[in-house]
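To start, the structure under review is shown below, and the notes come after it.
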Protein chains: 2
Amino acid sequence: MDAKIIDVAAKAGVSPATVSRVLNQGSSVTAKTRNKVMKAIDELNYRPNAAAKNLRLQKSLSIGVIAQDINNAYFTEIIKGIENMAYARKYKVFICDAENQAEKERDYLSLLMDRTMDGVIMITPQLSDEEIYGVVDKGYHIAVIGRNVNHPKIPCIYTDNVKFSRHVVEHLVEFGHRDIVFLSGYPEAVDSYERLEGYLKALKDNHIPFRPELVENGDFNETGGYEAIERLFAKKMTFTAVFAANDEMALGVYRACEERGIAIPEQLAVVGVDNNRISKYLTPRLSTVNQPKYTMGAIIVEKLIDQMNENQFEDKRVFTVDSELLVRASSNYHIQKKK
Amino acid sequence: MDAKIIDVAAKAGVSPATVSRVLNQGSSVTAKTRNKVMKAIDELNYRPNAAAKNLRLQKSLSIGVIAQDINNAYFTEIIKGIENMAYARKYKVFICDAENQAEKERDYLSLLMDRTMDGVIMITPQLSDEEIYGVVDKGYHIAVIGRNVNHPKIPCIYTDNVKFSRHVVEHLVEFGHRDIVFLSGYPEAVDSYERLEGYLKALKDNHIPFRPELVENGDFNETGGYEAIERLFAKKMTFTAVFAANDEMALGVYRACEERGIAIPEQLAVVGVDNNRISKYLTPRLSTVNQPKYTMGAIIVEKLIDQMNENQFEDKRVFTVDSELLVRASSNYHIQKKK
DNA sequence: AGCATATTTGAAATCGATTTCACTATTACT
DNA sequence: AGTAATAGTGAAATCGATTTCAAATATGCT
């Protein structure tokens, strides 16, 4: 159906090699032949077949992004950073939605291994470090966003989960809270346990005894957040603040509070993480932790591309970006005098 | 680097043809040889090279989705429907974010033409029908979501924009409104002008004179909605209700109202379209029009795949799905007695 | 057992591009 | 003008799979 390079060559009265030269390096071809070829290409509406090209070149100039869940704006904003920078570097970006399933992450990873894409960026806290290392050690290119991986060939960018979690808890303590719930994501995710770690450290620093019953696991989704907090309500736990591992779960807390007539922040302070765009549309506005999402995407895709092209290999590999606690109405309320 | 089929063949002591047979049809090969081959595949960690396979097979079993903007949950929910159904049919889905730029839509369309993907689903109101027809007439497979295209080879699914727009306006009229703003997206988009059409018809039906100054164009984004309504406020227009062409733009209206201290719905009723998940987190909850997004995605991807495989070609091509006006707090307020 | 038939297998062609190598046509320079 | 250097071009090999066709082997039947 489509015209092939040999058709173009025939029409222009040259060899396929010449057509290829016109299309690619651009040198070593007379203006006259170039014009003939261009004309033929135009008339036949010729596009080089991607499969043939990729096969011959052993690369596809494309990058896969495996995102945890594209319904969550946290991921889509990172992706925009990736997209735009990749575009500038002539790479195509294919977005894969893992829908929170480790199995799908693995599935998409196989697109790397069959060489559909030259490299992959993972924004997924679920697969273990070891599993990722295994793939990289076979010679494939992976970069990671949102966690620190300790492998010389994996560029990564992240914010210090422990650090900002401490900030969140300290902020809550300052506002008089001592009984602070931590709503985790699924526990095997880095984002879960590192944020928990920060929570624990802050409690310790402030000499607040840790109450394990105040830690509940969710799934990083609204529903999981709702169910987790409901479990606590059902057990008649006493607490005055909730630190949710991300904004989506905080959303679930809002819903539960609304149903139960609990006032935020007067009766319950809520803080999330991600500065998901949804957070500022809530009433009251949700306090959260901002990360430079777009930038994180843009930086890491550059590093991945550089690495794939074997430039700058000795260069920096681990990047940390600062996060910022945005204290908004959902936690901006002193429940008692500071001691 | 990667093992090739010839390596597997050598290791198993058979020919590449046999390896291929083991991997594909599964028939015509002895249990004994099959085992030898499987063992070799396993040991070498062999994956067929996608480019070689695609080239030979002249297909890639992959579908591209060109979405207007992945930061908008309307699109990501449709995409989930596409993804899951495609997965069940053994197709890979590549999501492309057009970022509201017609230029990018065209760019991604070229991935179709270089055969990177077998077919494309467009969820983008921007490119003209003619432009899409042009591509299809060259023999490529395209399906469209969210608009009715009149081409025998293009499956499409949509809700009747004119119809639900009339409902929205009628609802507002019932609640006493006569000066109703229509916030359009960019005017060349189908979603814009069809929704405008419904708005106009409803006005006419209700004998309300059309005030052209109450129609403003946005860009389907929060910012565009904000700027559009601000232009009207600046001109000191009088109106009591806003019908925004989508929820994102309604978001902008909320922001403007908040800044100006205008109470929704008492001083201004607001209705959006899409039932974007964000809409129910707003205060007051946003009235909007719901479409079965997930289902739309799932249905159309099936049709596209069927068509690509040349089954069921005479089958139904145009699908309409019902939409539903969700009257929530943002418009649930009578501003005057019904006459 | 002997022949006809069915089943397994391999050699070679093929998909559509790029690139090397060799050859020809230019251009440059003495 | 004649030779050396350079630029432009084409033939053929190559990337790694699948598939056709024919050969080899196994099976079935009298």
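Lettering follows sequence order; numbering is per chain, from 1. Below, all heavy atoms of this structure are taken into account, side chains as well, without hydrogens, waters or symmetry copies.
For the residue pair A:Gln291/A:Tyr74, the side-chain donor-acceptor check at 3.5 Å is satisfied. Side chain to side chain, B:His151 and B:Asp137 meet the donor-acceptor criterion of an N or O pair below 3.5 Å. For the residue pair A:Tyr186 and A:Asn100, a side-chain donor N or O sits within less than 3.5 Å of a side-chain acceptor on the partner. A donor-acceptor contact under 3.5 angstrom links the side chains of B:Tyr140 and A:Asp2, judged on distance only.
DNA chain C is contacted by A:Lys4, A:Ile5 of residues 4-11 of chain A, taking any non-hydrogen atom closer than 4.0 Å. Using a 4.0 Å cut-off on heavy atoms, the residues of residues 46-55 of chain B that approach DNA chain C are B:Leu55, listed by number.
Dashed line: the shortest gap from a side-chain N or O of A:Gln58 to OP1 or OP2 of D:dG16 is under 4.0 Å. When the side-chain nitrogen and oxygen atoms of A:Ser28 are compared with OP1 and OP2 of D:dT9, none of them lie within a distance under 4.0 Å. In terms of phosphate contacts, A:Thr33 brings a side-chain nitrogen or oxygen within less than 4.0 Å of OP1 or OP2 of D:dT9.
Contact detail for B:Asp69 and B:Phe75: the closest heavy-atom pair is O-CD1, 3.3 Å. For B:Asp191 against B:Phe220, the heavy-atom pair with the smallest separation is CB-CZ, 3.9 Å. Between A:Glu105 and A:Ile66, the closest heavy-atom pair is O-CD1, 3.9 Å.
Note on A:Lys80 versus A:Glu77: no salt bridge recorded, every NZ/NE/NH1/NH2 to OD/OE distance being 4.0 Å or above. Look at A:Asp306 and A:Arg89 and you find a salt bridge, because one of the NZ, NE, NH1 or NH2 atoms lies within 4.0 Å of a carboxylate O, short of that distance.
At least one side-chain heavy atom of A:Arg106 sits less than 4.5 Å from a side-chain heavy atom of A:Glu131.
Taking five base pairs at each end of the helix from C:dA1-D:dT30 to C:dT30-D:dA1 and finding the rotation axis that steps the C1' atoms of four pairs onto the next four gives two axes whose angle is 30°, to the nearest 10°.
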Would you tabulate the nitrogen or oxygen pairs shorter than 3.5 Å linking the protein to nucleotides 10-13 of chain C?
from   : atom 1 : to      : atom 2 : distance (Å)
C:dG10 : OP2    : B:Ser15 : N      : 2.9
C:dG10 : OP2    : B:Ser15 : OG     : 3.1
C:dG10 : OP2    : B:Thr18 : OG1    : 2.6
C:dG10 : N7     : B:Arg21 : NH2    : 2.6
C:dG10 : O6     : B:Arg21 : NH1    : 3.4

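For A:Lys59 and C:dA17, the NZ to C1' distance is 14 Å, given to the nearest whole Å. Put simply, CG on A:Asp2 is 11 Å from C1' on C:dG16, counting in whole angstrom units. Atom CG of A:Asn24 is separated from atom C1' of D:dT9 by 16 Å (rounded to the nearest Å). One interatomic measurement links the two molecules: CG of B:Leu44 to P of D:dG16, which rounds to 14 Å at whole-angstrom precision. A straight line from CG of B:Leu23 to P of D:dA17 spans 9 Å, rounded to a whole angstrom.
Of the possible donor and acceptor atoms, none in the side chain of A:Asp118 sits under 3.5 Å from a partner among the backbone N and O of A:Ile63. A:Ser192 places a side-chain N or O within 3.5 Å of a backbone atom of A:Gly185 that can act as its donor or acceptor partner.
With sequence neighbours excluded, the residues satisfying side chain to side chain contact (heavy atoms under 4.5 Å, CB included) with B:Ile299 are B:Ile157, B:Thr295, B:Phe319.
When the nucleotides C:dT19, C:dT8, D:dT19 are ranked by their closest atom to the side chain of B:Thr30, C:dT8 comes out on top. In the set C:dT9, C:dT19, D:dT9, the nucleotide with an atom closest to the side chain of A:Val29 is D:dT9.
Each side chain to side chain donor-acceptor pair (under 3.5 Å) pair with one or both residues in residues 46-59 of chain A, not counting sequence neighbours, would appear here, but there are none.
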